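Note that this is a predicted model, so its numbers are computed, not measured. Each residue takes its place number in the sequence, starting with 1.
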Amino acid sequence: MSLIRVGTDSTKLPGAFTHDAHWVIERVAELGLDGVFFRDILDLSPTLDARELADVAAAAAERGLYLEAGAGKVNPFAMPEDATTRGLGDGDWLTGMRRKLEAAAGCGIREVWAATTNYQFRLRGLRACDRFRTDVSWPEQLAATARVLDMLAPVLRDLGLHLNLETHEEISSFEVVRLVEDSGPDAFGITFDSANVVIRGEDPVEAARRVAPYTRQTHLRDVVVVPNEHGIGRLITPIGEGVIDWDGVLNALASAPARNYSIEGLFPGMREDPGTEMSLFVDDPEWRASHTDLSDAELAWAHGHAEAFASADDMRATEARLRATVTDDAAMSFIVDSARVLRDRLLDRAPRPVAV
């Protein structure tokens, strides 16, 4: 029987940005969580120093915590926005990425996160999402990403790693599955983000079913969908407080390789003013034409929940609460409460044991 452990992504843990990996590990252990998902292997050691990496891995192991990390973006059109990986290779991106992957393998991390591209939070509207760039089409970006994956595949196989592409906000679950299947599930997998698939108009349960065979890492959180000026907006909530069918999602993930379920919370200081949240531009023909795999029947999930929210008696109060500035206490409660609810849901299920 596989033990399911519930931990957290480090990026939205209050205090993580101003402390090192050892502090994060200690804090996660104090919270009673089972592990930590660092978004970048550089968070463990900015220089990829083997001794520092080993010390972090040992600190996690001593506390019985799982340890996961990421390697960055793999869409070449997004890479210039963060030159860190290229810098590690003295200008050679592939060498820099190899160094990251070797560092992960060297400290015992076998499942490594990656994502395709970015969301431009300083912008509003359709073009904030890199899927809708006008200088390069989304199919061209996917093709370029596939070529990068083909270059990384031998490195991953040599090291015995999986690079797990996230269902990030710009890419659909259908597209992630195709990338993994075409590049090779022996070297690539999926990081399932339960909230991001909503941005692509998908029902999280249906998306979980699609990605489950290849899901090796997770970012789990709940959502509320609301009508907004763009069509439908997505607001993030703790697990159990939104509209995701968690029994359905957990049923779908039960057969997945992933054994570590990581909560992804909210950035302290974050605020979702009306129209600034990630949105589904459902009335825009360009948006709909970009989702050729998405059926109207599945898109109806988002429409239905947005309509239900609009007619709810406490709609205004709920939306105001969800849009409020996130305090440190609220960000911490998000993680702890989500972990508690997720563990309770898992404990209600049989026969897979759950760490408590």
Using a 3.5 Å distance criterion without hydrogens, assess whether the side chain of [X] forms a donor-acceptor pair with backbone atoms of [Y].
X	Y	answer
Q141	D130	yes
T218	N260	yes
S183	V180	no
R288	H291	yes
S290	W287	no
N118	Q120	no
D222	G242	yes
R349	A254	no
T85	G96	no
T8	I263	yes

For [X] against [Y], the heavy-atom pair lying closest together:
X	Y	answer
L42	L88	CD2-CD1, 4.0 Å
A153	F188	CB-CE1, 3.9 Å
I109	A69	CD1-CB, 3.8 Å
A71	L163	CB-CD1, 4.2 Å
S279	G233	OG-CA, 4.1 Å
A212	S255	CB-OG, 4.4 Å

Can you name the one residue among L142, T117, L165 that meets side-chain contact (heavy atoms from CB on, under 4.5 Å) with I171?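 Passing option: L142.
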For [X] and [Y], does a side-chain donor sit closer than 3.5 Å to a side-chain acceptor?
X	Y	result
D82	T84	yes
W138	E175	yes
E298	S295	no

pair [X]-[Y]: side-chain heavy atoms closer than 4.5 Å:
X	Y	answer
R124	E229	yes
V211	V177	yes
D245	P204	no
F38	L67	yes
V205	V249	yes
Y214	V176	no
L101	V112	yes
F309	V225	no

Classify the ring geometry between H19 and W23 as parallel (under 30°), tilted (30 to 60°) or perpendicular (over 60°).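 Aromatic pair H19/W23 classed parallel.
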Parallel, tilted or perpendicular: which describes the rings of W113 and H168, with under 30° parallel and over 60° perpendicular?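 Taking H168 first and then W113, their aromatic rings stand perpendicular (interplane angle over 60°).
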Would [X] and [Y] show up in the same hydrophobic cluster when neighbours are defined by side-chain heavy atoms closer than 4.5 Å?
X	Y	answer
L220	F267	yes
M315	I232	no
Y66	I4	no
F334	V24	yes
L161	L179	yes

Distance from [X] atom [atom1] to [Y] atom [atom2], nearest 0.5 Å?
X	Y	atom1	atom2	answer
I236	M270	CD1	CE	6.5 Å
L33	S262	CG	OG	9.5 Å
F281	L126	CZ	CG	5.5 Å
D182	L149	CG	CG	9.5 Å

Can we say R27 and E30 salt-bridge, meaning some charged N sits less than 4.0 Å from an Asp/Glu carboxylate O?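 Salt bridge present between R27 and E30.
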Take L13 and V36, measure what side chain to side chain contact (heavy atoms under 4.5 Å, CB included) needs, and give me the verdict at the end. CA-CA 10 Å; L13 178 73; V36 58; over 6 Å; no
Given ring-ring contact (aromatic ring centres under 6.0 Å, His included), test F37 with H219 step by step and report yes or no. CA-CA 9 Å; F37 180 145; H219 277 156; 4.5 Å; yes
Would you sort out whether V226 and L235 count as a side chain to side chain contact (heavy atoms under 4.5 Å, CB included), showing the intermediate values? CA-CA 8 Å; V226 302; L235 299 175; 4.1 Å; yes
Show your reasoning for whether side chain to side chain donor-acceptor pair (under 3.5 Å) applies to S172 and D293. CA-CA 9 Å; S172 75; D293 297 297; 4.6 Å; no
Among pairs that include at least one residue of [range], which meet salt bridge (charged side-chain N to carboxylate O under 4.0 Å, His left out), considering only residues two or more places apart or in two chains?
range	result
residues 190-205	D193-R221, E202-R210
residues 268-284	R271-D273, E277-R323
residues 47-67	E26-R63
residues 94-115	D40-K100, R98-E102, E111-R216

By side-chain contact (heavy atoms from CB on, under 4.5 Å) - contacts of M278 (at least two apart):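 Expected list: Y119, F121, E169, I199, R234.
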Could you go step by step and tell me if T11 and D9 meet the side chain to side chain donor-acceptor pair (under 3.5 Å) rule? CA-CA 6 Å; T11 55; D9 181 279; 2.3 Å; yes
Verdict with reasoning, V148 to L94, per side chain to side chain contact (heavy atoms under 4.5 Å, CB included): CA-CA 9 Å; V148 170; L94 190 60; over 6 Å; no
Between E170 and T116, is the side chain to side chain donor-acceptor pair (under 3.5 Å) condition met? List the steps. CA-CA 8 Å; E170 72 284 342; T116 42; 2.2 Å; yes
With sequence neighbours left out, write down each residue that passes salt bridge (Lys or Arg N to Asp or Glu O under 4.0 Å) with R133, or none if nothing qualifies.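 Per chain and number, R133 pairs via salt bridge (Lys or Arg N to Asp or Glu O under 4.0 Å) with D135.
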Side chain to side chain contact (heavy atoms under 4.5 Å, CB included) evaluation trace for D34 with Y261: CA-CA 9 Å; D34 302 320; Y261 289 2; over 6 Å; no
